[in-house]
Amino acid sequence: MNTLHFNLQQSHKLYFASDFHLGAPDHKQSFARELKIIRWLDQVKNDAEAVFLVGDIFDFWWEYKYVVPKGYVRFLGKVAELADKGIPVIFFTGNHDLWMRNYLTDELGVKLYHDPIEIQVGEQKLFVGHGDGLGPGDATYKFLKKLFKSKILQWIFTRLHPNFSFWLATNWSKKSRSQNLEKEEPFLDEKEWLFQFAKAMEQKNHFDYYIFGHRHMALQMKVSPNSTYINLGEWLGTCSYVSYDGTRAELLYFEK
């Protein structure tokens, strides 16, 4: 597992957000959300030691050798601005944008992780990842994830013309997202898969915080007396994020 180490400067913080789903459900709503995300980045850049964007930032992302999805230029420009100022911006792939490769790292100077990582800040440890495929259950998605990561399948998809491949993928993605918006997912309490994953991890290796996205619920639950699971929620509605000052992680809401 990759480990990042931070020595926070006085009054500086680590910021975490996920599930922007830029591109969904249509251009108008996505563009309004993009402008809101930019306002949030402008706010946090004043005291950010680093910004973590924890998966499903885009509702669909695919990189050909010479072609990437159009749009999101204001968001990408703001990310580049932060990186140019020396503020590390760390991307994680999610289940909607797991095909990120080297475009954002080469063009924007961000770091990219495809799997969860450990963050060490002083004596505290954080376990951070998008969260898809972790914990018990969701066997269908775990199978699909293995399928989507297949080099053969990716090679076949790359042979398709971008107009067709993007149409196919974005329509599938938007159908899934619209279904999730129309039917509110129930809170499973201690049966939440990622909470169960954190409980199992805590038996092997202590982490002060487990921070995930994916679930589309802003959650904060005690894993043990000294360990907390936080889900970052989403930006389709709640616009929740986490601020961490080296001692305490706080679940907050932007322009609620």
Does T228 have any side chain to side chain donor-acceptor pair (under 3.5 Å) partners at least two apart in sequence or in another chain, and if so, which?
->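 Side chain to side chain donor-acceptor pair (under 3.5 Å) list for T228, sorted by chain: K222.
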
Establish whether [X] and [Y] are linked, either directly or via other cluster members, by ILVMFWY side-chain heavy-atom contacts under 4.5 Å.
X: V54; Y: V110; result: no
X: V73; Y: V68; result: no
X: F157; Y: W167; result: yes

State whether the side chain of [X] and the backbone N or O of [Y] hold a donor-acceptor pair below 3.5 Å, judged by distance alone.
X: E34; Y: F75; answer: yes
X: E49; Y: H12; answer: no
X: S227; Y: S224; answer: no
X: E81; Y: A83; answer: no
X: Y244; Y: G246; answer: yes
X: D245; Y: K13; answer: no
X: D19; Y: H214; answer: yes
X: R33; Y: A24; answer: yes
X: D26; Y: Q29; answer: yes
X: Q196; Y: G135; answer: no

Listed partners of [X] passing salt bridge (Lys or Arg N to Asp or Glu O under 4.0 Å), at least two apart:
X: D42; answer: K45, K78
X: R101; answer: none
X: E123; answer: none
X: E202; answer: none

Measuring from atom [atom1] of [X] to atom [atom2] of [Y], what distance do you get when rounded to the nearest 0.5 angstrom?
X: L22; Y: H96; atom1: CG; atom2: NE2; value: 12.5 Å
X: D132; Y: T93; atom1: CG; atom2: OG1; value: 7.0 Å
X: M221; Y: D189; atom1: CE; atom2: CG; value: 5.0 Å
X: F60; Y: L98; atom1: CZ; atom2: CG; value: 9.5 Å
X: L112; Y: F92; atom1: CG; atom2: CZ; value: 9.0 Å
X: L232; Y: L219; atom1: CG; atom2: CG; value: 10.0 Å

Determine the minimum heavy-atom distance between [X] and [Y], stating which atoms define it.
X: F6; Y: A50; result: CE2-CB, 3.7 Å
X: S18; Y: W235; result: O-CD1, 3.5 Å
X: P186; Y: E192; result: O-OE2, 4.1 Å
X: S243; Y: L252; result: CB-CD1, 3.8 Å
X: A48; Y: Y15; result: CB-CD1, 3.8 Å
X: D97; Y: W61; result: CB-CB, 3.8 Å

Answer yes or no: does atom NZ of K125 have more than 12 heavy-atom neighbours from other residues, nucleotides or ligands under 6.0 Å?
->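 Yes, NZ of K125 has more than 12 neighbouring heavy atoms, counting only those of other groups under 6.0 Å.
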
Assess whether atom CG of D106 is packed by more than 12 heavy atoms of other residues, nucleotides or ligands within 6.0 Å.
->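 Enclosed.
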
Would you check if [X] and [Y] make a side-chain contact, meaning some heavy-atom pair closer than 4.5 Å?
X: L4; Y: F52; result: yes
X: K36; Y: C239; result: yes
X: V223; Y: F207; result: no
X: V128; Y: F16; result: yes
X: N2; Y: E118; result: no
X: Y210; Y: L194; result: no
X: I119; Y: T3; result: no
X: F91; Y: V79; result: yes

Can a side-chain donor-acceptor contact be found between [Y] and [X] if the only test is distance below 3.5 angstrom?
X: H130; Y: N95; value: yes
X: N231; Y: Y229; value: yes
X: E234; Y: H216; value: no
X: S30; Y: Y72; value: no

Pair I90-L53, side chain to side chain contact (heavy atoms under 4.5 Å, CB included): steps then yes or no = CA-CA 6 Å; I90 295 94; L53 303 179; over 6 Å; no

Not counting sequence neighbours, list each pair that qualifies as a salt bridge (Lys or Arg N to Asp or Glu O under 4.0 Å) and has a residue in residues 61-75.
-> none

Is the F166 to W62 ring centre distance short of 6.0 Å?
->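 They do not qualify: ring centres at least 6.0 Å apart.
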
Start with the C-alpha gap between F195 and E190, add the side-chain angles, then the distance that decides, and say whether side chain to side chain contact (heavy atoms under 4.5 Å, CB included) holds.
-> CA-CA 6 Å; F195 177 75; E190 292 196 358; 3.7 Å; yes

Test side chain to side chain contact (heavy atoms under 4.5 Å, CB included) on V242 and Y209 and set out the steps.
-> CA-CA 11 Å; V242 160; Y209 289 98; over 6 Å; no

Working for side chain to side chain contact (heavy atoms under 4.5 Å, CB included), residues L82 and V51 = CA-CA 9 Å; L82 266 62; V51 176; 4.1 Å; yes

Quick one: sort the F127 and F197 rings into parallel, tilted or perpendicular, breaks at 30° and 60°.
-> tilted

Between R39 and E255, is the closest basic N to carboxylate O distance under 4.0 Å?
-> yes

